[in-house]
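Proteins come first, then strands; the chains are lettered A, B, ... in the order of their sequence lines, and each starts at number 1. Computed from a predicted structure; not experimentally measured. Just so you know, these numbers use all the heavy atoms, side chains as well, and skip hydrogens, waters and symmetry mates.
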Amino acid sequence: MGELDLKNLRIDYGARMIIRDFNLAVRNGEMMSLLGPSGAGKTTILKAIAGLLAPAAGDILIDGQSVRDVPPEKRDAVMVFQKPLLFPFMNVAQNIGFGLRMQGQPGREARRHIGAILALTQLEGLEHRKVHELSGGQQQRVALARALVLKPSVLLLDEPLSNLDANLRQRMRELIQTIQSETRMTMLFVTHDQSEALMISHRVALLLEGRLRQVGAPRELFYQPADPEVARFFGGRNFFQGHVRDGKLHSDLGVFPVGPQNGNGHVRTATIRPEDIRIAPRATGQSRGLRGRVVKTRFEGSSTRVVVACGANEVMVLTPEDAFRPGQEVEITVPPEKIRLFPGD
Amino acid sequence: MTSPLTTGADARTRKGPGGVALSLALLPALAVVLILFGGGFALGIVQALGYLPGAGLGEWSLAHFARVLSDPDFLHSFLLTLYIAGASTVIAAGISIPAALGLASLSKRSRVIHFIFQMPLTVPHLVIAIAVMFMLAPAGLLSRAATGAGWIASPADFPLLINDAWGIGIILTYVWKEIPFITLMLLAVLRHTGRDLLDVGRTLKADAWQRFRYITLPIIFPALGAASLIVFAYTFGAFEVPFLLGQTYPMTLPVWAYKHYSDIDLMARPEGIATGIVIALVVMAAVILAQVLTKAARKRGLIA
């Protein structure tokens, strides 16, 4: 089992409230990402679950049992920190076996577990290495192995990949995914990297300014953000307002069919992702697209970000073509089915 | 499974500044140390080997060393010095461990306590020795207070705590003076890595005793060893405190060396210097050992 329930959690630092009204349920065997910008309170929540911080209010349940008054060493949750934090006076095998030793596990059995974890984390052959002889990636894998070997109900991962370079990060991410699918261990993975969260998790919980804003499958958060802030966090641009009348959104950018269920008679904030907008050089004949002029471009490798002035509005477009230059007259097409309308103003 | 990850071959290596450039930058400071210490040490060896033309001695010989080392008084003094330095170091280190742990667990608001701890570092040994003398002497403050309180009949009943056979006054002076030094050395290590590693230990199921035994002690051991060796080296070679608070016989080695050196008989001077050389060798051995421990701690990443 490995169910984690956070109920009405409030965490303060002195007089400052860091986390408020935080509710989250992580299912058994689930890999959930706790996503948010730096300073949102993600690590604080993880530390509270691990028992390293006491919440001011609310409850933490592991497998249905409240652990609020249980000290960290008695909780069935192990944390992997942002830095590997290996014990410098121990070798790799001793680091991995530390928790087993603290639990008084006999040597032979402990060695068997350590051997299995070394294989799982691709650390075979390094067991007698000293910690300072390891690379950054190897150190982080030892930290991961040291936690995994205890087979906790809940594994808490606090941005364990943030200190690694891009290639190593990708491979470590794949390793964590593989381990999670093989062990079916419940994992709560903290990250500020939205693409990492979308790639690695079954579900994503987005934390903004100390409050949980949306929980759902990666595609749900990406394509159906709950509010403009969530959309912005996932790279959403092109926010505009319009009036919904007769199933159509009347805005400065044009009139778009959005369906009658979207609140006839109300002003709505709408957004469309830059990669959903099509862009083409302005044709000489008749066109049904919006006309505009390229203001600036930014080459990003596999795609180019193009800012187009359409009347008083600026629209950002992400296109795989690197064919547009500032000052160029273009036409953009906004597919109505890709427009996302938010309730309220 | 995914493609194999990196192996040990990509382990990081760290390069320090160039040795030649560093040596050149340190040359002025090194020159002063080498001339003052090295020169004095060399001159001492020359005189200890019997070359002292001013006293009418001109023959090179190990006889003075032999005489010193075979003198039963030297052995008494050596053992007394070893005992005082050892006891002072062990007591100061023993008190410093819980003190450092306590300070490390305090929040930043405890700056006053830190300041109080740092104060003894700035007070010279001589001042503390005199203060101890005023406090602990048979006619000192404590004996008068005890008499005034009716605990003892007269100051003469007060136990002998200075100029005593056990060197209690000397040890108390050193302990009071060296606790902050060792504590602050340990505190630096605990602040650098200690807290995070203790948090790791907690989540890895280590209880309070296990965290102390398997995390804290190994973390502080190199710094504790290095600081203790420095304290030992200092107390072994220090003169003024045992001179003021020690008994007349046996006396500590530095006092013994001084007595010989300042003896009216110039022929005793080489023996005094030979004793000084023995002290210097013990001190140097302790300092080198302290350096080895510090280097080991740095290699482990326990200190910056």
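- Of the atoms belonging to L86(A), it is backbone heavy atoms, and not side-chain ones, that fall under 4.5 Å from chain B.
- The interface of residues 200-214 of chain B with chain A, defined by heavy-atom distances below 4.5 Å, comprises V200(B), G201(B), R202(B), T203(B), L204(B), K205(B), A206(B), D207(B), Q210(B), R211(B), Y214(B).
- Partners of H192(A) according to the side-chain hydrogen bond (donor to acceptor under 3.5 Å, both in side chains) rule, which considers only residues two or more places apart in sequence or in another chain, are E159(A).
- Closest non-hydrogen pair, L85(A) versus L197(B), comes out as O-CD2, 3.4 Å.
- A143(A) does not touch chain B: none of its heavy atoms, backbone or side chain, sits under 4.5 Å away.
- We find the NZ-CG distance between K47(A) and D199(B) to be 6.0 Å, quoted to the nearest 0.5 Å.
- Distance CG/D196(B) to CD/Q82(A): 10.5 Å, rounded to 0.5 Å.
- Heavy atoms closer than 4.5 Å to chain B are found nowhere in V131(A), neither backbone nor side chain.
- Here the CZ atom belonging to F89(A) is positioned 5.0 Å from the CD1 atom belonging to I219(B), to the nearest 0.5 angstrom.
- Remark: Q65(A) CD is loosely packed, at most 12 non-hydrogen atoms of other residues, nucleotides or ligands lying under 6.0 Å away.
- With chain B as partner, the option from K130(A), R101(A), M90(A) having the largest number of non-hydrogen pairs under 4.5 angstrom is R101(A).
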